[in-house]
Amino acid sequence: MENRKHWLKSSLFIWAALPLIYLGFLISTENLGTNPQEFIERYLGTCTLVLILVTYAISNRFNKAIPHLISCRRMLGLFSFLYMTCHFFAYIIFEHSFMVADFFQDFLNRPFVFFGTLAFLMTIPLAVTSNSISMKVLGKWWKKLHSIITIIILLSLAHYFFHKAGKNDFFWPFVATVVFSILYVTKKWGNSAVRKS
């Protein structure tokens, strides 16, 4: 049983790390297209959204179908935070060269920056408290704190929609929203069924 758990966790770790390794390969081979900075920002943003949706999808209900999957949720959540941090700082570096005043202008005037930054800031306490000690210290408040992942995903989707609005290209933001909606309804239905039983 422990071998299965180790195998599952190792496999998901590799899966979550591969996009970052692949990005490193593209950078080292200078194969990022005509606009490398934009490619890196969008690539990291896409990876973040995929990982945070996968993390959100994992619940105790999956443990019957895939034993030990719930034990991998914390790791995937931290990976999503890693990608989000890289995405955020890629934007700060490439767009503003660490000029804080310029960033705040963007934050106040551009909706996609506003929503993206809020999502990132709200993810920090989740990453900081993703450990056993915090669970014991916070008690019942730990679950309440980590339930804001729903708000974080909504902010991330708003960020995605506003970013794509400039090119009037809403296909992938729409797909991501549909995926999240299905996951949200499934979770709510599952929780209601558990309470009734």
Side-chain angles (χ1 to χ4, degrees), residues 12-13 15-20 22-23 35 37-59 62 69-70 72-96 100 103-130 142-188 190-191:
L12 287 175
F13 181 93
W15 173 78
L18 271 177
L20 208 54
Y22 180 62
L23 179 60
N35 192 338
Q37 295 180 349
E38 183 180 30
F39 177 87
I40 292 171
E41 287 180 50
R42 292 187 177 183
Y43 180 88
L44 291 169
T46 301
C47 290
T48 299
L49 189 54
V50 169
L51 273 163
I52 203 169
L53 285 172
V54 170
T55 303
Y56 179 77
I58 296 174
S59 67
F62 284 105
L69 183 61
I70 195 73
C72 301
R73 184 168 57 185
R74 183 186 303 177
M75 178 186 70
L76 292 175
L78 289 172
F79 260 112
S80 68
F81 176 68
L82 171 63
Y83 279 96
M84 188 182 285
T85 302
C86 291
H87 176 58
F88 179 78
F89 281 101
Y91 173 78
I92 296 290
I93 294 167
F94 296 147
E95 302 296 329
H96 298 299
V100 178
F103 165 71
F104 273 111
Q105 282 294 319
D106 256 5
F107 176 77
L108 295 172
N109 297 314
R110 303 177 78 180
F112 85 90
V113 179
F114 176 79
F115 287 113
T117 302
L118 285 184
F120 172 65
L121 292 175
M122 289 181 72
T123 309
I124 294 173
L126 300 194
V128 171
T129 58
S130 287
W142 188 89
K143 272 194 174 182
K144 291 185 178 181
L145 172 62
H146 282 253
S147 69
I148 66 170
I149 188 174
T150 305
I151 300 171
I152 291 168
I153 294 174
L154 289 172
L155 290 171
S156 299
L157 290 171
H159 165 74
Y160 201 10
F161 269 102
F162 276 110
H163 184 263
K164 287 290 190 178
K167 295 185 178 180
N168 201 31
D169 176 16
F170 298 107
F171 177 75
W172 287 113
F174 177 75
V175 170
T177 303
V178 169
V179 170
F180 170 67
S181 299
I182 292 170
L183 292 173
Y184 181 81
V185 170
T186 302
K187 276 199 163 190
K188 285 292 180 182
N191 291 338

inquiry  = How close do His146 and Leu126 get, counting heavy atoms only, and between which atoms?
reply    = CE1-O, 3.3 Å
note = The reported gap from CD1 in Ile52 to SG in Cys47 (rounded to nearest 0.5 angstrom) is 13.0 Å
request  = Determine whether Trp15 and Val54 make a side-chain contact, defined as any pair of heavy atoms from C-beta on separated by less than 4.5 Å.
outcome  = yes
inquiry  = I want to check something: taking the side chain as every heavy atom from C-beta on, are Val100 and Ile92 in contact at a cut-off of under 4.5 Å?
reply    = no
task = Check step by step if side chain to side chain contact (heavy atoms under 4.5 Å, CB included) holds for Leu69 and Leu12.
result = CA-CA 10 Å; Leu69 183 61; Leu12 287 175; 3.9 Å; yes
task = State, yes or no, whether a side-chain contact exists between Phe81 and Ile124 at a heavy-atom distance under 4.5 Å.
result = yes
ask   = Do Leu82 and Leu20 come close enough that some side-chain heavy atom pair is under 4.5 Å?
value = yes
Residue of the set Phe170, Phe115, Phe112, Phe114 for which ring pair (Phe, Tyr, Trp, His ring centres under 6.0 Å) holds with Phe162 = Phe115
ask   = Under 6.0 Å between the ring centres of His96 and Tyr91?
value = yes
task = Give, for atom CG of Leu157 and atom CG of Leu53, the distance between the pair rounded to the nearest 0.5 Å.
result = 7.0 Å
inquiry  = Within this structure, what is the OH-CG distance for the pair Tyr184 and Leu154, rounded to the nearest 0.5 Å?
reply    = 8.5 Å
query = What closest approach, in Å, do Arg73 and Ile58 show between heavy atoms, and which atom pair accounts for it?
reply = NH1-O, 3.1 Å
query = Is there side-chain contact between Pro19 and Tyr43, with at least one heavy-atom pair below 4.5 Å?
reply = yes
note = Across all chains, not counting sequence neighbours, the ring-ring contact (aromatic ring centres under 6.0 Å, His included) partners of Phe79 are Phe13
ask   = Counting N and O atoms only, with roles assigned by atom type, does the side chain of Trp142 sit under 3.5 Å from a partner on the main chain of Thr129, one being a donor and the other an acceptor?
value = yes
ask   = What are the two closest non-hydrogen atoms of Ala127 and Leu78, and how far apart are they?
value = O-CD2, 3.9 Å
query = Do you know the tightest heavy-atom contact between Thr117 and Val113?
reply = OG1-O, 2.7 Å
inquiry  = One pair to check against side chain to side chain contact (heavy atoms under 4.5 Å, CB included): Thr177 and Phe161. What are the steps and the verdict?
reply    = CA-CA 10 Å; Thr177 303; Phe161 269 102; 3.0 Å; yes
request  = Evaluate whether atom CZ of Phe107 has more than 12 neighbouring non-hydrogen atoms of other residues, nucleotides or ligands under 6.0 angstrom away.
outcome  = yes
key: Close side-chain approach of Leu118 to Ile151, heavy-atom, < 4.5 Å   = no
task = Using the six-membered ring of Tyr56, assess whether NZ or CZ of Lys187 lies under 6.0 Å from its centre and within 45 degrees of the ring axis.
result = yes
ask   = So do Leu23 and Leu44 actually touch side chain to side chain, heavy atoms under 4.5 Å?
value = yes
task = Report the distance from atom CZ of Arg42 to atom CD of Gln37, rounding to the nearest 0.5 Å.
result = 13.0 Å
key: Smallest separation among heavy atoms of Thr55 and Ile149, with atom names   = CG2-CD1, 4.4 Å
Heavy-atom pair with the smallest gap, counting every atom of Tyr83 and Thr48 = C-OG1, 3.1 Å
ask   = Does CZ in Phe94 sit with more than 12 non-hydrogen atoms of other residues, nucleotides or ligands closer than 6.0 Å?
value = yes
